[in-house]
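What follows is a single structure, written as structure tokens, with notes after it.
Every chain is numbered from 1, with letters handed out A, B, ... down the list of sequences.
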2 protein chains.
Amino acid sequence: MSALEALIEALRRLPGVGQKSAQRMAYHLLQHDRDGALRLSQALAAAAQQVRHCERCHTFSEAALCDICADPQRDAGLLCVVESPADLAALERTASYRGYYFVLQGRVSPLDGVGARQIGAEQLMARAADDQVQEVILATSFTAEGEATAHVLAEALRARGIRSTRLARGVPVGSELEYVDLGTIAHALVDRR
Amino acid sequence: MSALEALIEALRRLPGVGQKSAQRMAYHLLQHDRDGALRLSQALAAAAQQVRHCERCHTFSEAALCDICADPQRDAGLLCVVESPADLAALERTASYRGYYFVLQGRVSPLDGVGARQIGAEQLMARAADDQVQEVILATSFTAEGEATAHVLAEALRARGIRSTRLARGVPVGSELEYVDLGTIAHALVDRR
């Protein structure tokens, strides 16, 4: 396999990149941006070596504790549970949450043999048992698997006497009712305020 | 800038990758495929260092001559001119051309100050002056700039007494006439056979 073919093959492993895009990326880098290729090469190696998981919330971090867990200004009474570092980043961008996080290793998926144990439910229980935590916010996805995850965790938390809440379901901001799916409208009706 | 941010920044330089995709790719690699990240890092460095241009046709090659130019079985009477190594690859995949190639450095674009000189017209003239070349096939794009490129090169070749042809314009295979643009239909009518 030539170096060019090896590069196309490696680019195909990126999510959302097929044969054609991989080819276009490889040709672009070699023809117009070799400096970008070298920079990407170094960034990948550095990230793969340096980025670890925060000991406390398990999001990506280069230090033992991530910036959020290391910040004493946040509200220790709130613990928000998400499925991935990407979901944590999305919540942070809203700038409307000031508590701490706990990042699961995905979501339960019984068909794939992924249960509460595999996504780190035990570590979550240990973390939530912290006396300061008043409320655990379950911010898993609103998909079947995300809902199942939230359900399993809510049960386990309740058994330990820890209060949990779920993100509100409803009509997305900026959407016209006509184009919103019926399940969402039904939920928004039930949860009206 | 953290290693993760540096990685997202570097991924954004890939064509067709914006902030969101770059983030998704970085998170995916770090969470599920660190081996893929390291492999891609190595493939990028290897390709950027090893892939050079063929001395004869200027497509990508790791050797002084690319596989095609080094193949004595091809038809030395035909020389096909393309805009990029990607276009060469597309023509090769058709398996219907047995001559040699010449890869330009893009296409003329007077507004950007890119003229015949910048795309390598002189090298093409030197290559086409080879006694064996009977016909130069101009396979530049059927866009305004690609057509301008073909026109400029055809004039220069004619001045040197070298015959040039252009890829046929017409209705794409598999398309219904109703949905083909009028310019294409008009050309297909004129060039009917």
Engaged part of L11(A) at the chain B interface, taking heavy atoms whose separation is under 4.5 Å = both

ask   = With only heavy atoms counted, which part of H32(A) is less than 4.5 Å from chain B, the side chain, the backbone, both or neither?
value = neither

query = Under a 4.5 Å heavy-atom cutoff, which of R39(A), Q105(A), E62(A), Q42(A) has the most pairs with chain B?
reply = E62(A)

key: Residue L29(A) versus chain B: region with a heavy atom under 4.5 Å   = side chain

key: Which of L4(A), D35(A), D33(A) touches chain B most, by non-hydrogen pairs under 4.5 Å   = D33(A)

ask   = Among Q50(B), E9(B), R24(B), who wins on heavy-atom pairs under 4.5 Å with chain A?
value = R24(B)

query = Picking from S2(A), P15(A), A10(A), which has the most non-hydrogen pairs under 4.5 angstrom with chain B?
reply = P15(A)

key: Pair T140(A)-R166(A), side-chain hydrogen bond (donor to acceptor under 3.5 Å, both in side chains): steps then yes or no   = CA-CA 8 Å; T140(A) 53; R166(A) 184 93 171 96; 3.2 Å; yes

task = Look at the side chain of T149(B) and the backbone N and O of V108(B), then say whether any donor-acceptor pair between them is shorter than 3.5 Å.
result = yes

query = Do other residues, nucleotides or ligands put more than 12 heavy atoms under 6.0 Å from D67(B) CG?
reply = no

request  = Output the option from A46(B), A86(B), A6(B), S21(B) having the highest count of non-hydrogen pairs under 4.5 Å with chain A.
outcome  = A86(B)

inquiry  = Once rounded to the nearest 0.5 Å, what's the spacing between atom CZ of R34(B) and atom OG of S41(B)?
reply    = 13.5 Å

query = Where on F60(B) is there a heavy atom nearer than 4.5 Å to chain A: the side chain, the backbone, both, or neither?
reply = side chain

query = Checking salt bridge (Lys or Arg N to Asp or Glu O under 4.0 Å) for the pair E155(B)/R158(B): CA distance, chi angles, key distance, verdict?
reply = CA-CA 5 Å; E155(B) 290 293 309; R158(B) 192 192 315 177; 3.4 Å; yes

message = Are more than 12 heavy atoms, taken from residues, nucleotides or ligands other than L182(B), located less than 6.0 Å from that residue's CG atom?
response = no

Rounded distance [0.5 Å steps], CG in L30(B) versus NE2 in H53(A) = 8.0 Å

ask   = chain B heavy atoms under 4.5 Å from Q31(A): which part of the residue, side chain, backbone, both or neither?
value = both

inquiry  = Test of understanding: clusters of I, L, V, M, F, W, Y form through side-chain heavy atoms closer than 4.5 Å, transitively. Do V103(B) and V133(B) belong to the same one?
reply    = yes

note = Residue from L38(A), L40(A), I8(A) scoring the most non-hydrogen pairs under 4.5 Å with chain B is L40(A)

